[in-house]
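Each chain gets a letter, A, B and so on, in the order the sequences are listed, and its residues count up from 1. Excluded from the calculations below are hydrogen atoms, water molecules and symmetry mates; all remaining heavy atoms, backbone and side chain alike, are included. This one's a predicted model, so the numbers in the text were calculated from it and none came from an experiment.
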Amino acid sequence: MRLSEYFLPLLRENPSEAQIVSHRLMLRAGMIRQSSAGIYSWLPLGLRVLKKIERIVREEQDRAGALEILMPTVQPAELWRESGRYDDYGKEMLRIRDRHDREMLYGPTNEEQVTEIVRASIKSYRDLPRMLYHIQWKFRDEVRPRFGVMRGREFLMKDAYSFDLDAAGAKRSYNKMFVAYLRTFARLGLKAIPMRADTGPIGGELSHEFVILAETGESAVYCDRAWLSTDILATEVDYHGDLEPIFQRWTGLYAATDEKHEPDSCPVPREELVEARGIEVGHIFYFGDKYSQPMGALVIGPDGETAALEMGSYGIGVSRLVGALIEANHDGAGIIWPESVAPFRIGLINLRPGDTRCRDTADDLYGKLLGANVEVLYDDRDESPGAKFATMDLIGLPDQLVIGPRGIAGGTIEVKHRRSGERQDVSIETALRLLTASEPGPLAASAPGTKARRPGRARSEGGRKGPRSGKLQDGERPIPDPA
RNA sequence: CGGAGUGUAGCUCAGCCUGGUAGAGCACCGCUUUCGGGAGGCGGGGGCCGGAGGUUCAAAUCCUCUCACUCCGACCA
């Protein structure tokens with residue numbers, strides 16, 4: 001994409017309404033614009049990131065055996081009366097009346113809706129287990145929206161629902177999602193730690209929240225130091241096998257939110273305990289027949305007996321993750337995207353568009369990168385060099401290629417790695433090889449969080465890896481050290 | 001929902017106390033000089049001062065109401 005043809009409305013100064021760094025950077029980098037309190041429009045750059053996250057979430061859900069559906073945003077109040085939540089939910093629920101004066105609501109979640117779908121169609125244990133998910137906009141009329149997309153009223157969420165015959169089956173489904181979540185966040189370049197959680201308004205008995213560590217997190221969390229050096233993607237996963245050992249392994253490592261942490265009875269010795277800030281990005285629940293019972297979602301078991309479905313629900317805050325990723329990946333100059341979610345893989349800067357040699361070289365390189373399926377944002381604008389550098393640093397693309405008269409004279413261009421700040425003058429051929437090869441290049445080796453980059457795969461991978469029943473590849477995403 | 005603030009140009013803000021008909025920097029447009037970390041010069045466009053009502057000869061400024069947004073607290077993907 002040529003920047004001269006792109007829509008990237010940058011802000012040079014911090015908008016006064018934005019307090020936290022991710023909110024400020026998202027506004028400044030032209031990713032979002034606020035529509036009203038807690039409601040945002042997504043501009044091209046922000047939308048690209050949102051879609052990348054969505055794709056990874058989708059791939060891991062599919063891999064775990066969940067099936068994608070799409071349920072409506074507007075739901076009938078009637079359904080929620082069946083579960084009893086219409087009155088329980090309170091003012092957080094946005095209630096609407098249609099022209100026939102029928103009571104509707106903009107869904108804050110979809111347990112009732114999905115239960116209604118399943119109860120109408122699944123009558124036998126032979127049709128179980130099933131997991132359904134969708135990625136859809138939700139609305140919760142927060143009293144006080146804040147932190148930009150991290151705590152908006154309208155937000156994009158992946159919510160999955162599992163249906164099993166009995167508690168043992170439900171636990172197996174729970175484990176699948178538990179593992180899928182670990183993998184999803186790891187691929188996003190985040191260290192997400194599952195913590196035992198209260199079930200809140202969803203209800204139920206077993207629940208974990210997934211919290212990522214970020215200096216600017218909203219709540220204090222405590223965990224075993226061992227968490228920092230774990231690599232979840234190194235664990236082989238067979239979703240058809242027994243996942244309980246993996247579940248046990250990852251829940252065995254100490255981790256607790258502020259409310260649950262007891263300094264006096266903490267099993268981890270002081271020197272091994274990490275105190276950090278956390279942001280909740282996912283939450284999973286097992287709640288049995290809380291909805292299936294009142295709503296009559298029943299199946300006949302092998303013994304001929306009728307039983308209410310055992311259910312669980314599993315949420316990931318997709319839009320919140322955009323903010324959370326920035327909280328965990330930024331510096332004074334701007335955003336630093338992990339490669340897996342970067343809106344573009346490479347920022348190509350032509351410092352002197354007026355110069356024929358610079359322009360020809362840049363145009364040529366741009367064409368070759370596109371030809372190699374590398375997502376590249378090409379700054380071909382007639383701007384001062386400083387402005388171009390600042391722009392690229394702000395929007396945080398993983399690598400920058402700088403073409404200017406100084407280098408061209410010596411036959412080189414500059415490659416700059418955004419995260420480390422490391423720069424190298426290399427030949428054009430070398431640059432191309434570095435950025436399109438499947439093997440890690442020299443720069444990558446010294447740069448944290450990029451050791452296994454495979455830049456050329458961005459498009460080609462595209463979610464078509466065939467059936468996801470088998471083993472998983474290792475090291476799809478390295479995990480940057482959050483400390 | 002309690003408490004506290006803020007609404008003036010696209011962005012950051014001054015002007016308001018002490019009423020006299022709208023400003024700065026950045027951004028934008030034109031010309032020009034520049035050109036490796038948000039450059040310089042000259043010229044230019046842009047605001048019913050959140051909205052409504054009131055006081056006054058006169059309101060961005062004083063009063064009343066209203067709307068929006070933000071912050072702190074209680075609640076959440």
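No engagement by A:G354 is indicated, since no non-hydrogen atom pair under 4.0 Å with the nucleic acid exists. If you check every strand for non-hydrogen atoms under 4.0 Å, A:E414 touches a base. A:R33 comes within contact range of no nucleotide atom at all, as no heavy-atom separation falls under 4.0 Å. The residue A:D159 sits apart from the nucleic acid: no heavy atom pair falls under 4.0 Å. Within 4.0 Å of A:V281, counting heavy atoms only, lie sugar-phosphate atoms of the nucleic acid but no base atom.
Between A:Q34 atom CD and B:C11 atom C1' the separation is 15 Å, expressed in whole Å. One interatomic measurement links the two molecules: CG of A:L11 to P of B:A27, which rounds to 13 Å at whole-angstrom precision. At whole-Å resolution of the value, CD in A:E142 and C1' in B:C1 are 13 Å apart. Distance A:R151 CZ to B:C71 C1': 14 Å, rounded to the nearest Å. Rounded to an integer number of Å, the gap from A:E209 CD to B:C76 P is 10 Å. If you measure from atom CZ of A:R146 to atom C1' of B:C76, you get 10 Å, rounded to the nearest angstrom. Residue A:K91 contributes atom NZ, which lies 14 Å from atom C1' of B:C75 at whole-angstrom precision. Rounded to whole Å, the distance from CZ on A:F389 to C1' on B:G36 is 5 Å.
If you take atom P in B:A22 and the same atom in B:A60, they sit 9 Å apart, rounded to whole Å. Comparing B:G20 with B:C62, their P atoms are spaced 11 Å from each other, to the whole Å. Atom C1' of B:G47 sits at a distance of 14 Å from the matching atom of B:G15, rounded to the whole Å. With both ends at atom P, the span from B:A59 to B:G53 equals 13 Å, rounded to whole Å. The C1' atoms of B:C69 and B:U8 are separated by 15 Å, rounded to the nearest whole Å. Spacing between B:C31 and B:C13 at atom C1', rounded to whole Å, works out to 30 Å. The separation of B:A27 from B:G44, taken at their C1' atoms, amounts to 14 Å, rounded to a whole angstrom. One C1' atom belongs to B:C49, the other to B:A9, and the distance between them is 10 Å to the nearest Å.
Looking only at atom types and distance, the side chain of A:Y286 has a donor-acceptor partner in the side chain of A:E310 under 3.5 Å away. In this structure, a donor-acceptor pair under 3.5 Å is present between the side chains of A:W80 and A:Q75. For the residue pair A:H261 and A:Y254, a side-chain donor N or O sits within less than 3.5 Å of a side-chain acceptor on the partner.
Pairing for B:U70 goes to B:A4, judged as Watson-Crick or G-U wobble with the two contacts each under 3.5 Å. Pairing partner, B:U55: none, since no Watson-Crick or wobble contact has both distances short of 3.5 Å. With a cut-off of 3.5 Å on both Watson-Crick or G-U wobble distances, the partner of B:C17 is given as none.
Checking B:U12, B:G36, B:A77 against every side-chain atom of A:H283, the shortest atom distance belongs to B:A77. Out of B:C69, B:G36, B:C71, the shortest distance to the side chain of A:R406 is found at B:G36.
Between A:Y161 and A:Y291, the distance from one ring center to the other does not fall under 6.0 angstrom. Between A:F210 and A:F178, the ring center distance clears the sub-6.0 Å criterion.
RNA chain B is contacted by both A:S384 and A:S319; A:S384 maps to the nucleotide lying nearer its 5′ end (nearest heavy atom per residue). Residues A:Q400 and A:F155 each lie close to RNA chain B; by heavy-atom proximity, the contact nearer the 5' end of the strand is made by A:Q400.
Using a 4.0 Å cut-off between charged side-chain N and carboxylate O, A:E375 and A:K52 make a salt bridge.
The base of B:C75 is not paired with the side chain of A:R140 by any donor and acceptor separated by under 3.5 Å. A:E13 contributes a side-chain N or O that forms a donor-acceptor pair with the base of B:G25 under 3.5 Å.
Under a cut-off of 6.0 angstrom, the local environment of CD in A:E68 is crowded, with over 12 non-hydrogen atoms contributed by other residues, nucleotides or ligands.
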